[in-house]
Amino acid sequence: MVNLAQVLGFFILGIVVSVASAGESVVTYVFGDSLTEVGNNNYLQSLAKSNYPFYGIDYEGGRATGRFTNGRTIGDIISAKLGIQSPPPYLSLAPNDDAILKGVNYASGGAGILNDTGLYFIQRMTFDDQIKCFEKTKEAIKAKIGEEAAEKHVNEAVYFIGMGSNDYVNNFLQPFLAAGQQYTHDEFVELLISTLSEQFTSLHQLGARKMVFHGLGPLGCIPSQRVKSTRGICLKHVNLWVQEFNSKVKTLAATLNKHLPYAQISFADTYPIVLDLIENPTAYGFKISNTSCCNVDTSIGGLCLPNSKLCMNRKEYVFWDAFHPTDAANQVLADRIFSSLSHQASSPAPAPSIRKFLSVRT
């Protein structure tokens with residue numbers, strides 16, 4: 001819990017300070033999977049969809065929007081706290097829509113770092129696909145405001161990236177897929193890191209400078225993995241793999257920051273706060289963290305279908321379905337990030353890292 005605040009608190013405080021002083025809204029571009037999707041898969045022939053009841057039951061208007069939870073994502077809540085609109089899904093926009101200047105969400109349920117992750121969902125936008133979409137966005141921005149202004153725009157934007165969960169849950173950990181049979185974990189994690197390095201580099205070449213990669217949470221404790229245990233407990237080996245992945249991404253970010261001109265890649269360790277929420281739910285006002293509100297815990301499925309049976313009180317559950325947190329849990333996670341801001345702001349220590357991170361880079 002404290003680690004995440006240390007990583008993200010300073011960063012978000014810097015954004016808030018810069019926005020207030022400049023009188024401008026921060027522009028964010030979001031890349032990710034179902035944890036951050038806001039509706040891209042609604043426009044695809046995909047089995048990874050959530051545009052039906054009971055998804056969105058606690059969202060504004062009680063409607064499903066393509067978010068894989070009963071309400072808001074963490075990104076929605078953080079955007080509201082920053083005083084900006086949550087970026088719209090890329091596939092909902094016309095190529096020349098003015099909205100692209102205020103930020104875009106490219107996240108797609110089922111997406112992974114590897115292009116073969118989530119193949120059985122039929123259609124989804126992999127991380128490589130999302131980067132190609134951003135390239136098209138940049139070209140559209142150039143056409144609108146000119147090349148020099150477009151370059152400045154993408155240099156100053158903030159890029160939130162959350163990838164890797166599906167590479168485990170819907171690839172390596174599925175015994176009927178090639179990755180789980182073809183690779184040892186050491187080989188698999190090296191494949192993920194080498195691929196991710198190329199993807200960070202591609203974004204950098206497109207002008208991205210300030211990138212924040214959200215590390216993986218304790219996947220061994222999500223309901224879809226607990227059901228694989230005869231006692232319904234967290235899968236320790238999965239959590240160890242996740243921590244190894246996180247450690248290697250953190251090292252990768254530091255390495256790329258040294259070698260890519262003006263790169264400011266930040267690693268946000270989400271593992272401790274999510275684990276604490278799961279292990280100590282009552283400390284956060286929850287009662288149940290080992291199963292889903294939607295009662296759909298299976299090792300191969302786990303989405304909340306319209307014929308599913310909901311729990312009586314959604315605010316008592318950490319997990320909405322077998323993979324995703326509830327709106328209430330997302331609120332707690334977002335609040336914990338911001339709860340450190342007053343402490344960070346009152347700290348007498350100098351903050352050159354804030355100015356450096358938010359300075360214009362070309």
Side-chain angles (χ1 to χ4, degrees), residues 15 19 24-52 55-56 59-61 63-69 71-80 82-112 118 121-163 199 202-203 205-212 214:
I15 291 177
V19 170
E24 299 176 356
S25 293
V26 63
V27 175
T28 60
Y29 292 99
V30 180
F31 302 81
D33 49 33
S34 57
L35 290 171
T36 48
E37 187 188 339
V38 294
N40 278 309
N41 282 15
N42 292 352
Y43 301 86
L44 301 176
Q45 296 299 315
S46 177
L47 295 178
K49 285 190 177 183
S50 59
N51 60 337
Y52 48 78
Y55 289 97
Y59 193 74
E60 183 180 354
R63 69 190 191 281
T65 62
R67 289 165 170 79
F68 285 78
T69 180
R72 303 157 297 168
T73 67
I74 293 176
D76 291 328
I77 299 167
I78 288 179
S79 292
L82 290 174
I84 62 175
Q85 292 292 318
S86 188
Y90 171 78
L91 294 179
S92 72
L93 302 172
N96 62 344
D97 197 312
D98 287 343
I100 62 175
L101 295 171
K102 297 181 180 180
V104 179
N105 186 310
Y106 304 92
S108 174
F121 293 128
I122 305 177
Q123 282 191 319
R124 74 273 179 254
M125 295 195 299
T126 67
F127 193 12
D128 280 343
D129 293 332
Q130 293 176 37
I131 293 171
K132 291 175 184 175
C133 290
F134 173 68
E135 184 174 10
K136 293 178 181 178
T137 297
K138 183 180 177 181
E139 289 302 315
I141 293 174
K142 282 184 183 179
K144 281 183 174 295
I145 63 176
E147 185 169 355
E148 184 176 347
E151 202 64 36
K152 183 175 185 290
H153 175 89
V154 298
N155 287 165
E156 292 179 335
V158 181
Y159 301 79
F160 290 100
I161 304 165
M163 284 284 185
Q199 292 162 336
S202 293
L203 278 173
Q205 290 172 344
L206 290 170
R209 296 294 179 263
K210 293 172 279 197
M211 295 178 261
V212 181
H214 295 267

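Residue indices begin at 1 and follow the sequence shown.
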Legend entry - Atom pair OG1/CG of T65 and N42 - distance to nearest 0.5 Å: 7.5 Å
Inset, instruction - Could you check F160 against T28 for side-chain contact (heavy atoms from CB on, under 4.5 Å), going step by step and ending with a plain yes or no? - result: CA-CA 7 Å; F160 290 100; T28 60; 3.6 Å; yes
Legend entry - Heavy-atom neighbours of K144 NZ exceed 12 at 6.0 Å: yes
Legend entry - Straight-line distance of Y55 OH to R67 CZ, nearest 0.5 Å: 14.0 Å
Inset, instruction - Report the C-alpha separation of F127 and I161 in whole Å, then their side-chain angles, then the decisive distance to 0.1 Å, and conclude whether the side-chain contact (heavy atoms from CB on, under 4.5 Å) test is met. - result: CA-CA 9 Å; F127 193 12; I161 304 165; 3.7 Å; yes
Legend entry - Under-4.0 Å salt bridge between D33 and R124: no
Inset, instruction - Working to the nearest 0.5 Å, report the span between NE2 of H153 and NZ of K138. - result: 10.5 Å
Inset, instruction - Evaluate the ring planes of Y29 and Y159, with Trp represented by its six-membered ring, and classify them as parallel (under 30°), tilted (30 to 60°) or perpendicular (over 60°). - result: parallel
Inset, instruction - Could you tell me which non-hydrogen atom of P95 sits nearest to which non-hydrogen atom of I100, and how far apart they are? - result: O-CD1, 4.1 Å
Legend entry - Backbone of Q45 reached by a side-chain donor or acceptor of Q123 within 3.5 Å: yes
Inset, instruction - Start with the C-alpha distance between H214 and I74, add both sets of side-chain angles, then the distance that settles side-chain contact (heavy atoms from CB on, under 4.5 Å), and finish with yes or no. - result: CA-CA 12 Å; H214 295 267; I74 293 176; over 6 Å; no
Legend entry - Nearest-0.5 Å distance that lies between atom CG in N40 and atom SG in C133: 8.0 Å
Inset, instruction - For the residue pair D76 and S79, confirm or rule out a side-chain donor-acceptor distance under 3.5 Å. - result: no
Inset, instruction - Calculate, to the nearest 0.5 Å, the distance between atoms CE and CG belonging to M163 and L35 respectively. - result: 10.5 Å
Inset, instruction - Walk me through it: do K49 and F121 pass the test side-chain contact (heavy atoms from CB on, under 4.5 Å)? - result: CA-CA 9 Å; K49 285 190 177 183; F121 293 128; over 6 Å; no
Legend entry - Considering all heavy atoms, the nearest N51-A64 contact: C-CB, 3.6 Å
Inset, instruction - Say whether, by atom type as modelled, one donor and one acceptor occur between the side chain of K210 and the main chain of E156 under 3.5 angstrom. - result: yes
Legend entry - Distance, nearest 0.5 Å, that separates CD of Q205 from CD of E135: 10.0 Å
Inset, instruction - Taking all heavy atoms of A48 and all of G109, pick out the closest pair and write down the distance. - result: CB-O, 3.6 Å
Inset, instruction - Count the heavy atoms of every other residue, nucleotide or ligand shown that sit under 6.0 Å from NZ of K142, and state whether that count exceeds 12. - result: yes
Legend entry - Heavy-atom pair with the smallest gap, counting every atom of A150 and I141: CB-CG2, 3.7 Å
Inset, instruction - Mind listing the closest non-hydrogen atom pair of G103 and V27 along with its distance? - result: N-CG1, 3.7 Å
Legend entry - Nearest heavy-atom neighbours spanning V38 and P87: CG2-O, 3.7 Å
Inset, instruction - Identify which one of L44, N105, N41, V104 satisfies the side-chain contact (heavy atoms from CB on, under 4.5 Å) criterion when paired with L91. - result: L44
Inset, instruction - Output yes when a side-chain donor or acceptor of S108 lies under 3.5 Å from a complementary backbone atom of A111, and no otherwise. - result: no
Inset, instruction - Could you tell me whether the side chain of R72 reaches within less than 4.5 Å of the side chain of T69, counting heavy atoms only? - result: no
Inset, instruction - Just say parallel, tilted or perpendicular for the rings of Y106 and F31, cut-offs at 30° and 60°. - result: parallel
